[in-house]
Amino acid sequence: MAEIEMLARECRFSDCTHTQECGCRVLEAVAGGELSQDRLESYHKMKRELAYLSERQHKSADRVEKERWRDVALFAREIKKYRKKR
């Protein structure tokens with residue numbers, strides 16, 4: 001994938017997705033036979049997988065925070081019940 005990253009530095013736009021942009025050096029390399037289409041598809045798949053894993057990790061952190069606050073809320077409810085009994 002390093003060769004794709006090196007080619008990507010020569011793209012016209014810095015946020016190029018290498019799918020259909022005009023001036024994409026990576027697509028030019030595929031068209032010119034310097035890079036195989038399979039290699040580019042593999043690169044795109046890897047990028048999608050990394051994005052998925054990143055999103056999943058972020059959701060896990062949110063889930064942990066939600067559970068923490070749920071425990072705090074349950075504890076506060078127990079304190080209120082205890083005070084009412086007295």
*Asks:* Using side chain to side chain contact (heavy atoms under 4.5 Å, CB included) as the criterion, list what pairs up with D38, not counting sequence neighbours.
*Replies:* S36, E41
*Asks:* Taking transitive links into account, so neighbours of neighbours count too, which hydrophobic residues share a cluster with M6 at under 4.5 Å side-chain distance?
*Replies:* none
*Asks:* Supply the atom-to-atom distance C16 SG to L7 CG, rounded to the nearest 0.5 angstrom.
*Replies:* 11.0 Å
*Asks:* With E3, which residues qualify under salt bridge (charged side-chain N to carboxylate O under 4.0 Å, His left out), at least two apart?
*Replies:* R39
*Asks:* Looking at CD1 of I4 and CG of L35, how far apart are the two atoms once the value is rounded to the nearest 0.5 Å?
*Replies:* 5.0 Å
*Asks:* Using the side chain to side chain contact (heavy atoms under 4.5 Å, CB included) criterion, which residues pair with K80? Sequence neighbours excluded.
*Replies:* none
*Asks:* Side chains of residues 24-31: which donor-acceptor pairs under 3.5 Å do they make with residues two or more places apart or in other chains?
*Replies:*
unit_1 : atom_1 : unit_2 : atom_2 : d
R25    : NE     : E10    : OE1    : 3.1
R25    : NH1    : E34    : OE2    : 3.4
R25    : NH2    : E34    : OE1    : 3.1
R25    : NH2    : E34    : OE2    : 3.4

*Asks:* Just wondering, more than 12 heavy atoms not from E5 lying within 6.0 Å of its CD?
*Replies:* yes
*Asks:* For a quick test of your reading: what N or O donor-acceptor pairs under 3.5 Å do the side chains of residues 70-79 make, sequence neighbours left out?
*Replies:*
none

*Asks:* Under a 3.5 Å distance rule, please check whether H18 uses its side chain to pair with a backbone N or O of C11 as donor and acceptor.
*Replies:* no
*Asks:* Could you list the residues that satisfy side chain to side chain donor-acceptor pair (under 3.5 Å) with T17, not counting sequence neighbours?
*Replies:* T19, E21
*Asks:* Who passes side chain to side chain donor-acceptor pair (under 3.5 Å) against E65, sequence neighbours left out?
*Replies:* R68, W69
